[in-house]
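Note sheet for the following structure.
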Amino acid sequence: MSETITAAAAEALFPTYARFPITLVKGEGSWLWDDAGNRYLDFVSGIAVTNLGHAPKAIKEALVKQLDELWHVSNLFQIPNQAEAAKLLTDNSCGDAVFFCNSGAEANEAAIKLARRYQQVAQGNGRYEIITFEQSFHGRTLATLTATGQAKVKEGYAPLPEGFTTILLNDISAVEAAVSDKTAAIMLEMVQAEGGVYPVDGTYVKALAELCQKEGILLIVDEIQTGMGRTGKLFAYEHFGIEPDIFTLAKGLGSGFPVGAMVAKERLREGFTAGSHGSTFGGTPIATAAVKATIETIVGDKLSARAAEQGDYLMSQLREKLAGVNKVQDVRGLGLIVGIECDGPVASIVTAAQKRGLLVITAGPNVIRLLPNLLVTKEEIDEAVTILAELLEAS
Ligand SMILES: *Cc1c(COP(=O)(O)O)cnc(C)c1O
């Protein structure tokens, strides 16, 4: 089907990833094939990117149509797809204004910039501090790795930008102690994904939103991994009865076409004026054709509800089949982001699963993370659960 990578070609890359020795060459729905013709059930989805499965027809058709017409013009010109994609995002969320970029880190970078500029320019109050949480993940740029609550992503990158504080999650007194007249925004994930699949406490997040409102602090929700239907709602904040001032998207937003977005409430519009932020590639006709088709498909086909249903099934099957397994400490998640916490490292389970034709990933050393696409079937879930139960029992 395709050529294997030569050693010389592999050497031409920076070794920033500890890659598995698997070369995937074709994908369809929940399934992937490697260059030796082996088939895999994909419960990674490119890390919550291919939420509609591999090569979804509606997105492919929208992309091909746009590829035939126009690729890129610059944001100096009107881009209908971009405006229409923004309208779809605001019609289906609590947000009113959208900025398109190319990745999750850039979306969070835009959120941090907007929060500061809104406070400093529109409000004129000089606030700059961003409060984030331990075990969070917000990206790899200098600002977003500083916002990230994990030491391993910061190592060797000093000096880091100023104005970030990281505190304990699910502890409202920690927030009260950390906020000051310098606090511009508080940023968090509704499910800490990279940090180990920890849904935020519902009572806490409501109290946090109230505190933000009372103190004039902006609430930023990082929906980069949880957004686009994955948790059983289009956006995960909907589960918690809160409305963020700003939320960020990337991963599933283009169904595999790289694109990010920052969505904010009406009053924040004045934070970003002409020339205050920008991106060459942000929201190209092609990228936003993918966004439009993705949202239309998820909303039109009610895939968030489907994700909720399939997620409940996955979680109940795991809880049932793993009930007596000593190694397993916890099964948790929200919709189709599910974590299996074990009493020790799970890297060997991940590679053993690959040999059985199942792709899963970790979230920290001890947690197996499952991220099937939103169209995953009960039969595919049964197959994955059977393989995982056998491997965990034997380990
Ligand atoms: C993946 C991710 C990011 C970073 O996105 P990139 O596209 O890799 O820059 C930020 N926040 C969360 C929650 C993520 O899962």
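Counting starts at 1 for both ligands and their atoms, following the listed order. Along the sequence shown, residues carry numbers from 1.
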If you measure every N/O of [X] against every N/O of ligand 1, is any gap under 3.5 Å?
{"X": "Gln225", "result": "yes"}
{"X": "Lys251", "result": "yes"}
{"X": "Gly104", "result": "yes"}
{"X": "Ala105", "result": "yes"}
{"X": "Ala250", "result": "no"}

Stepwise side chain to side chain contact (heavy atoms under 4.5 Å, CB included) check, Val367 with Thr362: CA-CA 5 Å; Val367 177; Thr362 59; over 6 Å; no
Plane angle bin for Phe281 and His72 - parallel if under 30°, tilted between 30 and 60°, otherwise perpendicular: perpendicular
Derivation of the side chain to side chain contact (heavy atoms under 4.5 Å, CB included) call for Gln120 and Tyr128: CA-CA 7 Å; Gln120 293 174 27; Tyr128 59 84; 3.4 Å; yes
Where ligand 1 meets Ser103 - atom numbers and elements under 4.0 angstrom, heavy-atom basis: 7 (O), 9 (O)
Numbered atoms and elements of ligand 1 in range of Asn108, under 4.0 angstrom, heavy atoms: 10 (C), 11 (N)
Winner among Asp222, Val221, Leu145 once heavy atoms are compared against atom 13 (C) of ligand 1: Asp222
Part of Thr144 within contact of ligand 1 (heavy atoms, under 4.0 Å): neither
Region of Glu106 engaging ligand 1 - heavy atom pairs below 4.0 Å: neither
Short side-chain donor-acceptor distance under 3.5 Å, Trp71 and Gln66: no
Any Asp34 side-chain heavy atom under 4.5 Å of Ile22 side chain: yes
4.5 Å side-chain heavy-atom contact, Leu318 and Leu370: yes
Sub-4.0 Å protein heavy atom next to atom 15 (O) of ligand 1: yes
Pi-cation contact, Phe272 with Arg117 (under 6.0 Å, within 45°): no
Asn75, Thr284, Asn102 screened by side-chain hydrogen bond (donor to acceptor under 3.5 Å, both in side chains) with Ser279, the one that passes: Asn102
